[in-house]
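Structure record follows, encoded as structure tokens.
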Number of protein chains: 2
Amino acid sequence: MPQPDSPDPARASVASPWDGVADRLRASGLRWTPQRRNLVEVLREHEGHVTATDLIARCRELDGTTTPSTVYRTLDVLENLGLVRHGHAADGREEYHVLPEHVHGHLYCVGCGTTWEIRPETGALIVDALAADLGFSVDLTHVTIAGRCEGCQE
Amino acid sequence: MPQPDSPDPARASVASPWDGVADRLRASGLRWTPQRRNLVEVLREHEGHVTATDLIARCRELDGTTTPSTVYRTLDVLENLGLVRHGHAADGREEYHVLPEHVHGHLYCVGCGTTWEIRPETGALIVDALAADLGFSVDLTHVTIAGRCEGCQE
DNA sequence: GTCGCTATTGCAACGCGTTGCGCTACGATC
DNA sequence: GATCGTAGCGCAACGCGTTGCAATAGCGAC
Ligand SMILES: [Mn+2]
Ligand SMILES: [Mn+2]
Ligand SMILES: [Zn+2]
Ligand SMILES: [Zn+2]
């Protein structure tokens with residue numbers, strides 16, 4: 001059942017953070033290219049975590065000539081706009097979080113390979129502990145902690 | 001001044017965990033090869049953290065024919081014996097901790113590139129927080145948290 | 001000291017990500 | 001719509017780490 005409470009002067013399309021990308025780029029002297037359009041197209045269809053390799057593969061479906069370096073460079077740009085955030089899985093591979101709502105770290109289970117977000121309160125605990133310890137200021141977005149999930153113990 | 005309290009039936013040489021490696025390997029059907037001898041020689045001269053790349057370079061000084069894959073494989077073996085422990089720096093490169101006294105995680109400052117150990121009590125705090133959160137059992141040895149040290153803030 | 005089993009080596013190829021460089025084409029200006 | 005400065009592109013090479021495979025060489029047994 002569609003939610004009846006949404007304000008809708010323009011019912012046709014829901015506003016998406018991706019809609020403004022082209023303008024946001026141009027506003028800072030950057031450019032809106034076919035390659036970037038493709039990547040954004042691909043990102044639109046994702047929610048949550050995706051591997052850089054997956055993104056490249058999907059882009060190559062849209063355009064067979066897609067080059068990895070271009071994708072990585074565009075991901076950097078989008079990360080500066082706050083539209084994606086990357087971390088590193090336990091094997092070191094890059095994992096992108098699309099449209100992150102809040103800064104958060106990740107847990108990675110070496111048993112089943114699943115990734116979880118660290119809840120904000122728990123994240124805050126970690127940040128505070130290390131601030132108290134050495135005055136260290138943690139970059140939570142980049143934190144991936146490896147271990148075993150409840151189901152994979154022993 | 002030499003500490004006068006050490007028990008010394010064999011004054012000549014201090015017992016080192018490295019002395020027993022050859023036998024420990026052979027005891028489990030593994031072999032003591034010139035390549036492994038070299039790596040252990042190199043590890044003897046280190047205390048604390050070393051990059052895999054550094055170790056390979058030092059090995060190559062002892063033997064110009066040293067191959068990376070062999071070094072990595074031997075490091076794996078030594079890690080199983082508990083003689084080294086590896087983690088990943090913020091850039092993903094492997095960092096080995098030689099003769100770790102206790103399990104611990106690491107902090108990496110993206111400002112100055114320095115690495116610190118997380119103190120046991122602080123580490124325990126993190127482990128407990130995540131156990132309480134999702135029943136997740138953290139592998140502290142593999143944890144490297146990026147951020148900025150006290151001197152590199154702002 | 002010799003023999004034989006198999007752990008280990010070196011090599012070559014791969015996967016992921018980064019970087020430098022010359023050429024292309026975006027898009028602001030007129 | 002044509003011009004032009006420069007952001008971004010593709011490409012080629014690099015660095016780090018891993019893996020499969022055929023050849024080598026530890027080392028335990030005799
Ligand atoms: Mn990173
Ligand atoms: Mn690792
Ligand atoms: Zn699991
Ligand atoms: Zn620092």
Side-chain angles (χ1 to χ4, degrees), chain A residues 21-40 49-60 62-81 84 86-96 108 110 113 142 144 146, chain B residues 21-40 49-60 62-81 84 86-96 108 110 113 142 144 146:
Chain A
V21 195
D23 291 337
R24 288 183 66 190
L25 287 174
R26 284 194 273 255
S28 29
L30 305 180
R31 295 177 188 173
W32 185 237
T33 67
Q35 295 84 349
R36 292 185 174 174
R37 202 185 312 270
N38 275 338
L39 178 53
V40 166
H49 305 106
V50 212
T51 287
T53 307
D54 286 346
L55 292 172
I56 293 170
R58 270 299 287 124
C59 282
R60 219 189 289 271
L62 296 188
D63 171 2
T65 73
T66 303
T67 291
S69 55
T70 298
V71 176
Y72 282 112
R73 285 191 275 231
T74 300
L75 284 168
D76 279 353
V77 172
L78 297 178
E79 187 153 15
N80 286 335
L81 296 184
V84 301
H86 89 274
H88 300 270
D91 58 359
R93 290 175 53 170
E94 295 199 341
E95 210 162 50
Y96 282 83
Y108 175 85
V110 297
H142 218 119
T144 298
Chain B
V21 194
D23 291 336
R24 288 183 65 189
L25 287 174
R26 282 193 276 254
S28 29
L30 306 180
R31 295 177 187 173
W32 184 237
T33 67
Q35 295 85 346
R36 294 185 172 174
R37 202 185 314 269
N38 275 338
L39 177 53
V40 166
H49 305 106
V50 212
T51 287
T53 307
D54 286 346
L55 291 173
I56 294 170
R58 270 299 285 126
C59 280
R60 219 188 289 271
L62 297 189
D63 172 2
T65 73
T66 303
T67 291
S69 56
T70 298
V71 175
Y72 283 111
R73 286 191 276 230
T74 301
L75 284 168
D76 279 353
V77 171
L78 296 178
E79 188 154 14
N80 286 334
L81 296 185
V84 302
H86 89 275
H88 300 269
D91 59 0
R93 291 174 52 168
E94 296 199 339
E95 208 161 53
Y96 282 83
Y108 176 85
V110 297
H142 220 119
T144 297

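Numbered from 1 within each chain, the chains take letters A, B, ... in sequence-line order.
Whole-Å rounding puts the Glu79(A) CD to dG17(C) C1' distance at 14 Å. Atom P of nucleotide dT9(C) and atom CH2 of Trp32(B) are separated by 11 Å, given to the nearest angstrom. dA7(C) atom P lies 11 Å from atom CZ of Arg36(B), rounded to whole Å. Here dC27(D) presents its P atom at 9 Å from CG of Leu25(B), a figure rounded to the nearest Å. Between the CG atom of Asp23(A) and the P atom of dA28(C) there is a distance of 10 Å, given to the nearest Å. For the pair Leu55(A) CG and dC16(C) P, the computed distance is 13 Å after rounding to whole Å. Spacing between atom CZ of Arg93(A) and atom P of dG17(C) amounts to 6 Å, rounded to whole angstrom units. Across the protein-nucleic acid pair, Asn38(B) atom CG and dT8(C) atom C1' stand 15 Å apart, rounded to whole Å.
When each of Ser69(B) and Leu30(B) is assigned the nucleotide of DNA chain D bearing its nearest heavy atom, the one mapping closer to the 5' terminus is Ser69(B). Nearest-nucleotide positions on DNA chain D for Arg31(B) and Thr70(A) put Thr70(A) closer to the 5' end.
Counting any heavy atom pair closer than 4.0 Å across all strands shown, Arg26(B) reaches sugar-phosphate atoms only and no base atom. Nucleic acid contact class of Thr53(A) (heavy atoms, under 4.0 Å, all strands): sugar-phosphate only.
One finds no side-chain N or O of Tyr72(A) lying less than 4.0 angstrom from the OP1 or OP2 phosphate oxygen of dT18(C). The shortest distance between the side-chain N/O atoms of Gln35(A) and the OP1/OP2 oxygens of dG10(D) is below 4.0 Å.
The shortest side-chain heavy-atom distance between Thr74(B) and Gln35(B) does not fall under the 4.5 Å cut-off. Residues Leu75(B) and His86(B) have side chains not in contact (no heavy-atom distance under 4.5 Å, counting atoms from C-beta outward). Glu94(A) has its side chain within reach of Tyr72(A): a pair of non-hydrogen atoms, C-beta onward, lies under 4.5 Å apart. A 4.5 Å side-chain heavy-atom check between Arg60(A) and Ile56(A) finds at least one atom pair inside the cut-off. Contact of the Thr66(A) side chain with the Leu39(A) side chain is not registered, since no non-hydrogen atoms from C-beta on lie closer than 4.5 Å.
In this model, a side-chain donor or acceptor of Arg73(A) finds a partner on the base of dG10(D) within 3.5 Å.
When the local axes at the two ends of the helix from dG1(C)-dC30(D) to dC30(C)-dG1(D) are compared, using 5 base pairs at each end, they differ in direction by 10° after rounding to 10°.
Listed by chain and residue number, Asp23(B) satisfy the salt bridge (charged side-chain N to carboxylate O under 4.0 Å, His left out) test with Arg26(B) (two or more places apart in sequence, or in another chain).
The side-chain contact (heavy atoms from CB on, under 4.5 Å) with Thr53(A) is formed by just one residue from the set Val50(A), Leu55(A), Thr51(A); it is Thr51(A).
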